[in-house]
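Since the structure comes first, as structure tokens, the remarks are kept for the end.
Whatever order the structure lists them in is the order used to number ligands and atoms, beginning at 1. Counting begins at 1 with the first residue of the sequence. As the structure is a prediction and not an experimental result, all values here were calculated from the model.
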Amino acid sequence: MADAGTTADSAAGEVRVDRLVPGGEGFGRGGDGRPVFVPGGLPGDRIRATSVRDRGGYLRAESWDLVAPGPERVAPPCGEADRCGGCDWMRLSRPAQVRSKAGLLREALVRTGGFRDLPDPLPVAEAGPDLGYRGRLRLHVDPEGRVGLFARGTHEIVEIATCPVSAPEVEAGLGTLRRHGAAHPGALGEFSGLELRAAPRGAPLLAHLFPRQPGGRLSPRARAFLEALARDMAVAVSGRAVGAPADQRWPLPGGVELRAPPLAFTQVNPAVNDLLVRAVVDGALARDASDFCDLYCGAGNFTLPLLAAGLRGVGIEASTDATRAARAAAHEAGLRADVFLTGDVPRRTRDLHRAGRSFELAVLDPPRTGARDALPLLLALAPRHVAYVSCDPVTLARDLRHLAGGGYTLDEVRGFDMFPHTHHVEALAWLRR
Ligand SMILES: C[S@@+](CC[C@H](N)C(=O)[O-])C[C@H]1O[C@@H](n2cnc3c(N)ncnc32)[C@H](O)[C@@H]1O
């Protein structure tokens, strides 16, 4: 047997992939019965590993040949699907993707969360097209100015020419960006990453670039590149607009608008976001909640529609740019603008608790890492209902377990297919004290 972490010369033999696991990889058992993770492997596939990494307790098939495909393996709608690390489930049929997401969400809630008696399958809601859905695309740039996504499992850039899951405006923007990059040799390499974001109102397309040396001066050629690019789309560097204003707007349920400056978070899939926001608002109304706190509220994606539905509340968010935009959006909609508090959620929640504030409903939508630090304070606030929105089933399950230990019961969980063709799934969990 090879040492843990080394590459074994001998393959794990033939492996049948039984299922998909959190992280999106296939999973099966090798000839000796040891677990084998198969990146890119799909349920029912029979593979022969050509390079295996021995991790002691388990094996990882670093490269493999497909012996026989599983029943849900399909031709991908993108020519880069096998190289690009962006869409790891593109070779899985859409119905199987959705079923698998329901399975991964359920498995996390059972294994990590310790929850029993969950519906099987859990519902996973879909909306809009499964291609062209992505209104926001984050790209890496290498020092040579190559722009793309990382290849699967590496930090090597795949220079995608097109991206079928991205909105047409974003795809077109990628071509425009490359054209200006080619006309200004060396300029793009001064940036380490960028985001292209399309919006139906305000700036139709934004290129937001992040310098390789934050705070350093950009060269004249990089500045000339930015000025040329800004003639075709809104441009910002580290949050600051170059030329025309870079603010963007999206309609939200309840007749309100989300306004987002470059640095404010926005959900990638507007059609599924609409469904998610409606689920939060409808859930709040069905539970007769009259007031709420929205933790990690961003630019007010949930706060604004909840206010528009007649609830009172506060939104807490670390990004000054996001809360400033949220106040402007509330003001414009004739809603109270002073409800948005800028700051760290645990600290701000503690202040609210000390001030004797209480809420019937707490909505929280933390970053992927979850809300561990905020949970003791959330328990102290003791809202009657909690709506937890998450893009990571495992940290969601971990945090729900904490809340269950603090006296909450899991009422309802639903997945949202916010990221078709990837293993990622958004989820909304309702809890009751
Ligand atoms: C997943 S986004 C959700 C934003 C918003 N709910 C939405 O749907 O657009 C998470 C947000 O949490 C904010 N954030 C991260 N850590 C934070 C913290 N410790 N305190 C306050 N906000 C934080 C980020 O700036 C980001 O806007």
Establish, from distance only, whether the side-chain atoms of Arg197 and Gln248 form a donor-acceptor pair under 3.5 Å.
-> yes
Ligand 1 to Pro367 polar contact by distance, N or O atoms, under 3.5 Å | no
In plain terms, say whether Arg91 and Asp82 are close enough for a salt bridge, that is, a side-chain N and a carboxylate O under 4.0 Å apart.
-> yes
re atom 11 (C) of ligand 1, the protein heavy-atom contact at minimum distance is Glu317 OE1, 3.6 Å
Taking distance alone, with no angle check, do Asp365 and ligand 1 share an N/O pair under 3.5 Å?
-> yes
Which pair of heavy atoms, one from Phe225 and one from Ala187, lies closest together, and at what distance?
-> CB-CB, 3.6 Å
Which atoms of ligand 1 are found less than 4.0 Å from any heavy atom of Phe302?
-> 6 (N), 8 (O)
Does Asp399 pair with Arg372 as a salt bridge, N-O distance under 4.0 Å?
-> no
Run the numbers for me: atoms of ligand 1, each under 4.0 Å from some heavy atom of Asp344, listed by number.
-> 18 (C), 19 (N), 20 (N)
Counting heavy atoms only, which part of Gln267 comes closer than 4.0 Å to ligand 1: side chain, backbone, both or neither?
-> side chain
For ligand 1, is there an N or O atom under 3.5 Å from any N or O atom of Pro366?
-> no
Purely on distance, is any nitrogen or oxygen of Asp294 under 3.5 Å from one on ligand 1?
-> no
If you have a sec, work out which protein heavy atom is nearest atom 7 (C) of ligand 1 and how many Å separate them, to one decimal?
-> Asn301 CB, 3.5 Å
With a cut-off of 6.0 Å (strictly less than), are more than 12 heavy atoms of other residues, nucleotides or ligands near CZ of Arg240?
-> no
Would you mind listing which atoms of ligand 1 come within a distance below 4.0 Å of any non-hydrogen atom of Gly343?
-> 20 (N), 21 (C)
Contact partition for Cys297 relative to ligand 1, non-hydrogen atoms under 4.0 Å = backbone
Within the structure, does Thr266 bring an N/O atom to less than 3.5 angstrom of an N/O atom in ligand 1?
-> no
So, Asp338 and Arg327, do they make that salt bridge, N to O below 4.0 Å?
-> no
Tell me which protein heavy atom sits closest to atom 22 (N) of ligand 1, plus the residue, atom name and distance to 0.1 Å.
-> Ala318 N, 3.0 Å
Which residue owns the protein heavy atom closest to atom 14 (N) of ligand 1, what's the atom, and how far is it?
-> Tyr296 CD2, 3.8 Å
CA sep, side-chain torsions, deciding dist, call: Asp411, Arg287, side-chain contact (heavy atoms from CB on, under 4.5 Å) | CA-CA 11 Å; Asp411 251 355; Arg287 287 164 176 82; 3.9 Å; yes
Any side-chain donor paired with an acceptor under 3.5 Å for Glu360 and His385?
-> no
Identify, for atom 20 (N) of ligand 1, the protein heavy atom at the shortest distance, and state residue, atom and that distance.
-> Val345 N, 2.9 Å
Between Arg217 and Glu190, is the closest basic N to carboxylate O distance under 4.0 Å?
-> no
How close does the nearest protein non-hydrogen atom get to atom 9 (O) of ligand 1, and which residue and atom is it?
-> Phe265 CD2, 3.2 Å
Under 6.0 Å from the six-membered ring centre of Trp250 and within 45° of its axis: does the NZ or CZ of Arg201 meet both?
-> no
